[in-house]
Every structure is written in structure tokens, then in C-alpha cells.
Amino acid sequence: MNTITLISGSTMGSAEYVAEHMAEILEDSAFSTEILHGPSLDDLPLEGLWLVVTSTHGAGDLPDNLQPLSDAIAEQHPDLSNVTFGAVGIGSSEYDTFCGAIRSLERLLEDHGAKRIGDRLEIDILKHEIPEDPAEKWVKEWSKLL
Ligand SMILES: Cc1cc2nc3c(=O)[nH]c(=O)nc-3n(C[C@H](O)[C@H](O)[C@H](O)COP(=O)(O)O)c2cc1C
């Protein structure tokens, strides 16, 4: 079975923990996974299945460890037409720019030919003290689409 590449963007660790938890669930369902926290474009396979998990910082911005990847895609225009991906955001609805990072990254990936599988999950930390809980529920459904 193809490996699912989990890509996390995080400032204080929440999105990393969520990515790691989802990887465990996927492994339990017999998927193979690779987790990359804040990868560069060169670290990524430009085909196959990605699961992108990122929090939002600043005013709708990507975390510092994922901004270089976004910049590299915007500058180098890789062909991502052989990439399919799932999208998970973590943010706080107290901001007008709730989950802005995953929304903009998703648009960027789609602009370069990648296709999203399933609905985007947006986890609101004001509603979910433990973000792994909605992530676990979502990834179990998402994996059925693969
Ligand atoms: C300075 C700061 C700015 C933030 N800006 C946003 C924002 O614009 N939109 C949003 O949805 N959440 C925002 N958040 C909430 C974070 O996304 C949330 O705390 C998340 O759990 C952090 O996850 P991380 O530890 O993976 O970085 C902000 C948090 C901080 C501390």
C-alpha cells in the first residue's frame, strides 16, 4: 500500500501531536505513514497521498516551519497533479482569520494541480480542548475514501 505522507505545520506543537495521532490511527488501519514536521519542498514526494495538518498563526498565517514550503511552491511551481491530499486545520474561532493557514495552503496546492480528497477538517480549539478527538473521528472516515 502507498505511504501517506503527513505534513505538519506548528508553532507550539498542537498540530504535530494531531498529525502523530492521526498517523497512529492510519497505521492501526494498515496504512503506512511518514511524518514530516515543517518539511522543505525537496523533502516531499511529488506524487501520492499527503495529509496536511497545520495550525494558523499571526493573522491567518502559516506557522514559521511551514512558510518556507509554501514559498517554495509559489516560487518554483512544482507539478502536483499526481498528488492527492487531505486537509486538516487547527485554529481558534476568536480570530477572523480562523484556520486561514490550511485554507490558503489548500488553495496553493490545488492551483498546482493537487486534488483534495474528502472535506477539509477545521478544528476549533475553543470547542475542542483535545484536538486529537475530532481529528481521530475525521481520519477514520477519511481513510475510508482512500
Ligand atoms: C499569536 C497567535 C496568533 C493566532 N492567530 C490565529 C489565526 O489567525 N487564526 C486561527 O484560526 N487561529 C489563530 N491562533 C490560534 C492557534 O492556531 C491555536 O492556538 C493552535 O492550537 C496552535 O497550534 P500549534 O501549537 O500547532 O501552533 C493564533 C494563536 C496565537 C498564539
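Whatever order the structure lists them in is the order used to number ligands and atoms, beginning at 1. In what follows, residues are counted from 1 in the order of the sequence shown.
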Note the single closest protein heavy atom to [atom], along with its residue, its atom name and the distance in Å.
atom	answer
atom 29 (C) of ligand 1	Tyr95 OH, 3.5 Å
atom 23 (O) of ligand 1	Ser55 CB, 3.2 Å
atom 26 (O) of ligand 1	Ser10 OG, 2.6 Å
atom 18 (C) of ligand 1	Ile125 CD1, 3.8 Å
atom 17 (O) of ligand 1	Thr56 O, 2.7 Å
atom 5 (N) of ligand 1	Gly58 O, 3.0 Å

Asp124 side chain near Ile90 side chain, heavy-atom distance below 4.5 Å =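 No, side chains not in contact.
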Is Leu44 close to Leu69 at the side-chain level, that is, under 4.5 Å between some pair of heavy atoms?
-> yes
Main-chain N/O of Gly58 paired to Asp61 side chain as donor or acceptor, under 3.5 Å | no
Determine whether the side chain, the backbone, both or neither of Ala59 has a heavy atom under 4.0 Å from any heavy atom of ligand 1.
->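 Under 4.0 Å from ligand 1, Ala59 contributes backbone atoms alone.
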Would the number of heavy atoms belonging to other residues, nucleotides or ligands and lying under 6.0 Å from CG of Asp28 be above 12?
->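 Buried by this count: over 12 neighbours within 6.0 Å.
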Check ligand 1 against Cys99 and write out every atom of the ligand that is under 4.0 Å from a heavy-atom position of the residue.
-> 10 (C), 11 (O)
Ala15 neighbourhood, listing ligand 1 atoms whose heavy-atom distance to it stays under 4.0 Å |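 Taking each heavy atom of Ala15 in turn, ligand 1 has 26 (O) under 4.0 Å.
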Residues forming a salt bridge (charged side-chain N to carboxylate O under 4.0 Å, His left out) with Arg116, sequence neighbours excluded |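 For Arg116, the residues satisfying salt bridge (charged side-chain N to carboxylate O under 4.0 Å, His left out) (neighbours in sequence not counted) are Glu106.
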Apply side chain to side chain contact (heavy atoms under 4.5 Å, CB included) to Glu20 and list each qualifying residue two or more places apart in sequence or on a separate chain.
->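 Per chain and number, Glu20 pairs via side chain to side chain contact (heavy atoms under 4.5 Å, CB included) with Tyr17, Ile35, His37.
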Please say whether Gly100 places an N or O atom under 3.5 Å from an N or O atom belonging to ligand 1.
->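 Checking ligand 1 against Gly100, no N or O pair falls under 3.5 Å apart.
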